[in-house]
Structures are given as structure tokens and as C-alpha cells.
Amino acid sequence: MFTNFYRPRSGFNPTITFPFAFLVAAGIGSAHAETDSLVGVFTAAQAERGKTVFAGECAGCHGADLKGGTAPALSGEAFAASWGAEGNNAQVMGQPFSVDDLAFFVSTSMPPGKVKSVSAEDHAAALAYLLERNGMPAGDTPLELGAPHLKEVMLSLGRPVPEQAAPPPELIRGEPGAIPTGGGPSQAELNAAATATESWLYHTHDYAGSRYVPLDQVNAGNANQLEVACALQLGEMSTFQSGPIVYQGVMYVTTNTNTVALDATSCRVKWRHVWQMQGPPGWTNNRGVAIKDGWVVRGTSDGYLLALNAETGALVWARRVADSTQGETFTMPPLIYEDLILIGPAGSENGISGWIGAFKLDDGTPVWRFNTVPGASQPLSVSWGHQADIKVGGGAVWTPLTLDPDSGELHVAVTNPAPDLPADLRPGDNLYTNSVVALDVHSGKLLWYRQLVPNDDHDWDLTQAGPLFATSIGGKERRLLATAGKDGMLRVLDRESHEVLYATAVTTVKNAEAPVTPEGSYACPGVLGGVEWNGPAYNPATQMLYVGAVDWCTTFWAAQSIRFIPGRLYLGGSVQMDAESQGWITAVDAATGSVRWRYRSDAPMLAGVTTTSGGLVLSGESSGDFIALDAGTGEVRYRFNTGGGIGGGVVTYAVKGKQYIAVASGRPGNMFMNGTLGTPTLFVFALDD
């Protein structure tokens, strides 16, 4: 006999068990389930209303059938693994989640970025529909958010949690004979990638992150003659933020579970590897692979590093190096240097304690780890100032790294603290969040850091630590590092003195100093503003930096009470984004910080920005338009609508003397659909022969 599903308040003592229908739907039931009487915590009318709310607010990401899309499934085995008593997250907590836990999460976090647009009644109705779809019966009493008895309604089998299932394997060995025997690119080629024209060897083109290619076959004079050379639909309904990598005419791209190698001129698939999730998946964004010596390496949303054979796609090894049950998830592209893979997990908003680590290329064994929020584990830390009962963390890493191979200096953009909004709960600077951190690439030793947004209360991650470049300022040649983030500021630092030489706004900045309070405050950029996962490009010919940015103002509220649920969003407040948004590409004088020109888009600019010696700036819009701009003036030289919002890489390369441009189109992110969805599709452009 199962124990109670609905544990009533004192004074009542019916025997009530978890309904068998829910157990089966959640993938955690038994053919021998027994029930005595079923009492629901919502009404049928609520669930019917919730069906309408779900269709309007949730189905676009979670799927109309609740089986998932660009956001996790809300029924079946995936939901059970995430919220059920036998799921990994509940076992980490040591107790089942309650309906109150789920209600708190839904009502304070969903829909992302516009929680306040959904009333408490509609949040309750959507939750009722979710519970009904997972087999829970309706009752006579409407579900009310915050009702005390919901804390006793366990999302469990109604029996003691069984012994923990075997954890995901730490190491999965690949196929016999899959180990690469060479084939490049070599370390020498990676070091010299900045001058490469027939390849795109790292996410940002080269270790310095320049996103500049010395190609001029396609130029400001003939870009209007570009045509689609080929296209490939990737066939997965995940977000598509991948930055294509190209070597010797072969391109490598990723979706959430797929890694695909294709001909870079014809888009014909050479091989496809599909990852089968071993643990609870995190966010479905994946931004691409790293390659070296015949290896293709990527991270997964369930915390694994994968190494594939570049020629065949065969799995060489997969090693679990992050804990997705705690909210750690890989979205960033790795960087490979010598025999090291450099990567760190996303998940600041889940309250993780961030890190960046190095792993051996031949088998994924860890070499070193640098903790990005070391003081977060110490109550009353000078840097954090939080009390012992307040969970703090953050400091995740989710954007490309930069590296100076000559000095061995690795540059990391560390992101926001958690909980996100109530800065008074962590009144210190919260090191090393929102900082550029420079590490010794071989040992992980801290060399220097510069914090740019201390005690962040707007979720204004520092997202970029690059490009690295040199230019003359006041007659003196200086080694510089560009940084940018969600606060909408482009800053350039001297890499010797670490001083900030200038800071230039690349989007609307308003009320940035106003603290976030429970009463609410309005600020620009918003929670999704500024520079997201694709950073600046540097053109040495024009001596300009080109930066894409989001302009989306937001009202922020700090919560008066917070709750930490492992593996779940830990926002500490709520946000409401404006109904209208826009985007920019801003051209900035690299020596002075003065704005040379701006290009305005009707929607956020998320795509990669690439510049060439042909006098072009290449990028894409959330509307679906691939654009080629004049690098000197910002005038549009070419425009083509791909049919899907663009949030992935835009890269250029030459094969057999012909220049190509590849664009990752479709589903740029759950928060950036902008009415233009599309499916993940790769477009390749070239001049007509």
C-alpha cells in the first residue's frame, strides 16, 4: 500500500494515495499500484482554463503535447526524472518535491521574462492543467498558490523513496579503433588561425577571438550578388546557437543532441552523432565544438564531455564532468590547447557554484579546476557578506574563452551571482562574478582579474572576454582586451595594467544605478539586454570593433522571500520585459571608444558578428534576415530572409579558392523567438560563378 499522496491538514485522516494514472504517465508507476480514494487539489474547471493558458504561454517552448521542444518535457519519464520522487533531483534533496515547490517555481519563474503578465489565477490554472495531464484527478477545491496544505502534497509514489538508482556512468568508452590518428588541425595551425582563410578553427575564428577573416572575394562592392549555395535542415527542434567550425572543406555544427559533419560547400552530411542523455538534461542551448588533431569535442546539457573521431563521427569517449542534478549544464563551445580541453558549466540562475576546468584530450580526465565563486561557500565571506542560511553562488561560464598562446594567459568571462536580484542578501562584491579572470592555461592559477559589475542585482552577466588585439593609443602600442556583457557596455582593458581605458554603451542604458527593490524598478538594458552569447569582432584594417546587442528594457522586482530548489531557477525575484524590443550593431573606434556608426534592427541582435578584409560586417537578425553591412559606413549591402530567427554563428571561409559564408538560422532561443521560429537550418552563401 502506498502512503499518502495528499497529506491533509491536521484534523483529517482519510487514506489518500497517488493515482495510478499519474504513476504511469510519469514513468514511475507499478502495475500493482493500489488506490483507496482520490482527492484532488484543483478543480476540473481550473484545469480546463489552464489548458488555454498553457497553449498561449507555454506550448511554444514545452510543446503543445507537453513532450518538450526547446524547453523540457512536462510529462512522462522526463518530467518524472526532474520532479518525481524517484528522479535524480528529489534524491539529491533527500525528499520528494511537493506541489508547493512546483507551484513556487511556476509562479515565480514562468513564463521566463514575463512572470507578471500572468495572473496568480492563471498560474494556478496552468499548474492544475499540468497536474491533470500527469494523471492527478480533479477535486472540489480550487488550487490556490501558497495554500499551506500544498506543502504536504508530495510529487511522489506515496511510499518511501527506493534505493537510489545507479548514477549516470562517469566514463563511457567509445568504439574500438575510434581513436583519431591525426588529420589536424595541428597546434601550429590553431596558433596561426588568425591569418587562416580556408578554415574557421575556433568558435570566434581564432584564440584571440577576433572574428576577422582576411578574405575579400566577397566585398562591399559585390555582396549584393550573393546567392544561396546550399542549405541543410538539422532535424532537431532545439534552439540553434551553434557556431560552425570549418577545416579542410568539412564543417561541424551542433544542436542539443546532434553533432553533424557536412561538406562546407554542398551541405551534404558526412556523418551524424546523436547523444543519448545519461542524466537529467539542463538547458538545450549548445554553441558548438572544438577540433584538434582529428578530435571533435563538445559538451552536453547533461554534463558530459564528448570526444568524437572527426573523420567518422565515432564516439571515442564520453566523461561526466558536471552535475546536471545541481543545475550544471554545458552550453559553451570548448577550447582545445595542446592536450587540454577548457570548459565550464552554465547555470548561475540555478544557483550552482561556477568553475572553469581543464581536461585531458585523450580521455577527459580532469587536470585542474578554478572555482569562480570561492567565497560563496563561506558564510560572512568578506566578498559576499551573506548569512549562513542564505544559499549563494553563480559565477557560471557560458561564452567563448580567449587565449594568448605566447604567454599562456587564458581569459574567462565569469557571469552573474545568485540569487539573481536581491543584492542585499549578498551585500559584498561577490567575487569573481561579472569579472574578467585571467588564468595560467597549464595550471589554472589565477594571474589577475578585473570585476566590472560588482554586487549585480540585474542579472547583468559579463559575457565576453575578447577579442584580444593591439593598437596605438597616444603614440604607444598597447595590448588590449575587449569585454562586453548584458549591462550593455563595451569596455576595453589594458592587458598589462588591467585598467579600463574606456566604456562605451552599445545599447540603451537607463537607471542602471537604481537598486532593485520589492516595489520594483525599471532599467535598461533589461534582464536579456546588452551583449549575449556572441561577442565583438575586431577589424585591423578599419581599426573598429563591431558589437551586436539587445535593447529590451525591463521592470525588476526583488523577492521578499527566496527559496532554493536544487537544479531549478533561483532568481530571488521576478522580471517583466517591455512589449517592444530592438537590436543594434555598433561600430566603435578601437583606440578611443567613440561610436562611428550604428545599425538598428527591429528585434534583438543575437547572431555572430564577423568582419572581413573585403570591407564587410556579416551578421543576422532575429527576424531571420542574414545581412552584409559596409564595414566603414554600416550601409546594408545584402539582405536575405532565411525564414528563421538567427542567433547562431555567421562564419566565412574559402574552399578551393572560393569564398563561402555560413549562417546558423532558426530558433535562436526560448526568449527570443520574436514570432520568427524556423527550424535549425544551416545556410551557405557564395557568389555566383
Side-chain angles (χ1 to χ4, degrees), residues 68 70 168-185 200-203 232-264 266-279 281-322 324 329-336 341 343 359-364 648-649 662 664 666-667 679-682:
T70 57
E170 294 299 311
L171 177 65
I172 301 173
R173 299 188 183 280
E175 304 167 22
I179 297 174
T181 57
W200 186 285
L201 297 182
Y202 178 56
H203 186 84
L232 173 68
Q233 292 186 326
L234 275 296
E236 184 181 357
M237 295 300 288
S238 68
T239 56
F240 194 36
Q241 299 175 2
S242 184
I245 299 295
V246 181
Y247 182 64
Q248 293 186 344
V250 179
M251 182 182 298
Y252 306 91
V253 294
T254 62
T255 60
N256 182 38
T257 61
N258 284 247
T259 308
V260 180
L262 60 145
D263 186 294
S266 69
C267 299
R268 294 188 180 277
V269 173
K270 284 173 56 79
W271 54 256
R272 180 189 298 264
H273 178 272
V274 181
W275 173 246
Q276 302 298 323
M277 294 291 170
Q278 302 296 309
W283 302 333
T284 61
N285 309 321
N286 189 277
R287 302 191 178 104
V289 306
I291 61 173
K292 182 178 185 287
D293 292 334
W295 299 77
V296 174
V297 179
R298 62 165 288 179
T300 72
S301 63
D302 59 343
Y304 280 78
L305 272 180
L306 307 185
L308 308 175
N309 183 303
E311 179 62 28
T312 66
L315 179 70
V316 183
W317 54 260
R319 185 177 293 275
R320 183 173 180 259
V321 299
S324 61
T329 182
F330 288 130
T331 63
M332 69 178 290
L335 182 149
I336 301 177
I341 303 166
I343 197 170
F359 303 87
K360 283 283 189 182
L361 179 59
D362 60 0
D363 63 1
R667 296 186 176 265
T679 59
T681 304
L682 190 78

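Worth knowing before you read on, the calculation uses all heavy atoms, side chains too, and leaves out hydrogens, waters and symmetry mates.
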Is the closest side-chain heavy-atom distance between [X] and [Y] below 4.5 Å?
| X | Y | value |
| --- | --- | --- |
| Leu234 | Val253 | yes |
| Tyr304 | Pro169 | yes |
| His273 | Val296 | no |

Identify the heavy atoms of [X] and [Y] that sit nearest to each other, and give their distance.
| X | Y | answer |
| --- | --- | --- |
| Asn256 | Ser238 | N-OG, 3.4 Å |
| Pro168 | Gly279 | CG-CA, 4.1 Å |
| Gln233 | Thr681 | CG-OG1, 3.6 Å |
| Pro180 | Gly294 | CG-O, 3.2 Å |
| Pro334 | Gly288 | CD-O, 3.5 Å |
| Leu262 | Cys267 | CD1-CA, 3.6 Å |

Taking atom [atom1] of [X] and atom [atom2] of [Y], what is their separation to the nearest 0.5 Å?
| X | Y | atom1 | atom2 | value |
| --- | --- | --- | --- | --- |
| Thr284 | Arg667 | OG1 | CZ | 10.0 Å |
| Gln241 | Thr331 | CD | OG1 | 7.5 Å |
| Leu305 | Asp363 | CG | CG | 11.0 Å |
| Tyr252 | Lys270 | OH | NZ | 7.0 Å |
| Thr259 | Asn286 | OG1 | CG | 7.0 Å |
| Trp271 | Asn309 | CH2 | CG | 8.0 Å |

Practice task
Output, in order, the C-alpha distance, side-chain angles, deciding distance and verdict of side-chain contact (heavy atoms from CB on, under 4.5 Å) for Phe330 and Val321.
Solution key: CA-CA 10 Å; Phe330 288 130; Val321 299; 3.5 Å; yes
Verify, without hydrogens or angle tests, whether [X] (side chain) and [Y] (backbone) share a donor-acceptor contact under 3.5 angstrom.
| X | Y | value |
| --- | --- | --- |
| His203 | Arg287 | yes |
| Thr329 | Ser301 | yes |
| Trp317 | Leu361 | yes |
| Glu236 | Thr257 | yes |
| Arg272 | Gly313 | no |
| Ser242 | Phe240 | no |

Problem - Steps toward side-chain contact (heavy atoms from CB on, under 4.5 Å) verdict (Ile291, Ile336) - result: CA-CA 7 Å; Ile291 61 173; Ile336 301 177; 5.8 Å; no
Handout entry: Ile172 atom CD1, neighbour heavy-atom count above 12 within 6.0 Å
Key =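 Yes.
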Practice task
For side-chain contact (heavy atoms from CB on, under 4.5 Å), just list the numbers for Thr254 and Val289, CA-CA rounded to whole Å, side-chain angles, deciding distance to a tenth of an Å, and then say yes or no.
Solution key: CA-CA 7 Å; Thr254 62; Val289 306; 3.4 Å; yes
Completion exercise
Between Met251 and the options Asp263, Leu682, Ile245, Leu232, the side chain to side chain contact (heavy atoms under 4.5 Å, CB included) test singles out Leu682
Exercise for the section: May I ask you to check whether Trp200 and Tyr247 place their ring centres under 6.0 Å from each other? Expected result: no
Exercise for the section: Determine whether the side chains of Asp302 and Gln278 contain a donor N or O and an acceptor N or O closer than 3.5 Å. Expected result: no
